[in-house]
Amino acid sequence: MYTIELNMFYTSTIAVLVLLLGSFVKNRIYLLEKFCIPVPVVGGIIFTIITLLGYVTKTFMIEFDFVLSDFFMLVFYTSIGFTASIPLLKKAGKAAIVFLILSSFMVILQNAWGIIGSLIIGVDPLVGIATASIPMTGGHGTSAAFAPDLVKLGLDTATTITLSSATFGLVAGALIGGPVGKFLIEKKSITKTASTDGNIIDFESSMENELTIKGFTESSYLMLISIGLGTVLSKLLSMSGLNFPASVGGMLASAAILNLNNDSNRFHIHHSELELMGNISLSIFLAMSMMKLKLWELAELATPMLMLLFGQVLLMALFSIFFTFRLMGRDYDASIIAAGHCGFGLGAVPTAMANMDTLSEKYGYSPKAFFLVPLIGSLFINVVNSFVITIAMNIAASL
């Protein structure tokens, strides 16, 4: 078998080519757009099929240098911390707090099922964690970020399991969100009238600014400082005996800078520049993570994985009906929010938005749902999820 060895520069080039391939293919296949499959995943799956052919035919294998992968991961997670504004959450009102608590509880249940389910079917509890809130609520970004930590704890196939589960979750979230919302609206005889809550604000506009060269310069400096501080925080937290990923430290550092600055207003934080840096880094990081996939590793774990994943889908559907819908008001808005929760609870916020769009076209627009779901799903739940995952990983590793 011929081995192709690529250094970090060639590896980065291949990652960009994977992104370009994914964009080309996604723009031409309707189903990929419909299910909101990320560009890095589309290109990455094609690339992993190529590497699988090399493995099966025993003709070639590729060895990459992923030294830059951690850097791109830290930039992405640190950028998330700059969105965790406590004053914004307070301004959003009681409904946002309730939905954040519900989403956080769902994250705990996902990991609980991952551990309990794996013990029932007789597999490593770390496999259960790899199919729980890491790929479900977290999606591909969180999957790629936490997989190396699962590997350190002893799950060698973590990258393949988490990323495959995240892709499964995207499709599942898109498939069940609409039916759940339809059931709640029609079977519960909900009056199809959305509320006009006075607390509804355009949080996206509040975090937008004009892109400037100065903004990129200052944001780059702030990003690197936050990553450095976050690395120190992660090491300090690890002294507790628990395994704390560097991504948690990066989020903590940037969130602290953001919220302390809200009180002092000592310097301007360029949210648009930071978000753009985070999005670019996420795309490259995900492409690199998909390139690590070894599909042949799923052969022995296929059945246990599917059992655990279908359990997650059932859990999400029941939770959204019996908890999200009821505690968010038992009204039309709550029905749309429940459908959105299915989307980001199993896949990602774009899936949630697609679910709510579909229902809105048939039954009517819900400003409250389109405000709360992206606010919690794209900003705050990622921070909560990271802490819950850290605890769950350490519990699973001790079993």
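What you see is a predicted model; the values in this text were computed from it and never measured.
Between the side chain of Asn261 and the main chain of Ile257, no donor-acceptor pair closer than 3.5 Å is present. In this structure, the side chain of Glu273 engages the main chain of Thr212 through a donor-acceptor pair within 3.5 Å. Looking at Ser281, its side chain never comes within 3.5 Å of a backbone N or O of Gly278 through a donor-acceptor pair. Under a 3.5 Å cut-off, the side chain of Ser103 and the backbone N or O of Leu100 do not form any donor-acceptor pair. Of the possible donor and acceptor atoms, one in the side chain of Ser79 sits under 3.5 Å from a partner among the backbone N and O of Phe76. Remark: the backbone N or O of Gly139 is not paired with any side-chain donor or acceptor of Thr142 at under 3.5 angstrom. Asp124 places no side-chain N or O within 3.5 Å of a backbone atom of Val127 that could act as its donor or acceptor partner.
Inspection of the Tyr363 and Glu186 side chains reveals an N or O donor paired with an N or O acceptor under 3.5 Å. A donor and an acceptor atom, one from each side chain of Thr137 and Gln110, are located under 3.5 Å apart. At a cut-off of 3.5 Å, with distance as the only test, no side-chain donor of Ser386 or Tyr77 sits close to an acceptor on the other residue. Asp65 and Thr11 form no side-chain donor-acceptor contact under 3.5 Å, judged by distance and modelled atom types alone. The closest side-chain donor-acceptor pair between Thr167 and His140 falls under 3.5 angstrom.
For the pair Ile4/Met61, no side-chain contact is recorded, criterion being any heavy-atom separation below 4.5 Å from C-beta on. Inter-residue side-chain proximity for Met136 and Val107 is flagged as unmet; no heavy-atom pair is nearer than 4.5 Å. You'll find the side chain of Ile134 reaches within 4.5 Å of the side chain of Ile129, heavy atoms only. In this structure, Leu236 and Met239 have side chains that are in contact, with non-hydrogen atoms separated by less than 4.5 Å.
Ring geometry for Phe99 versus Phe344: interplanar angle over 60°, hence perpendicular rather than tilted (30 to 60°). A perpendicular orientation is assigned to the rings of Phe319 and His341, their planes being inclined by more than 60° (bins at 30° and 60°). Aromatic ring pairs are classed by plane angle as parallel below 30°, tilted from 30° to 60° and perpendicular above 60°; the pair His268 and His270 is perpendicular.
Annotation: cation-pi pair Lys58/Tyr55 present, NZ/CZ under 6.0 Å from the ring centroid and within 45° of its normal. Cation-pi geometry between Arg326 and Phe323 is not met: the NZ or CZ atom fails to fall both under 6.0 Å from the ring centre and inside 45° of the normal.
More than 12 non-hydrogen atoms from other residues, nucleotides or ligands lie less than 6.0 angstrom from NZ of Lys292. Shown here is Phe60, whose CZ atom has more than 12 heavy atoms of other residues, nucleotides or ligands within 6.0 Å.
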Worked verdict on Phe216 versus Tyr221 for ring pair (Phe, Tyr, Trp, His ring centres under 6.0 Å): CA-CA 9 Å; Phe216 272 112; Tyr221 295 159; over 10 Å; no
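Separation of atoms CG (Leu21) and NZ (Lys26) is listed at 13.5 Å; rounding is to 0.5 Å.
When all heavy atoms of Met73 and Ala145 are compared, the pair lying nearest together is CG-CB, 3.8 Å.
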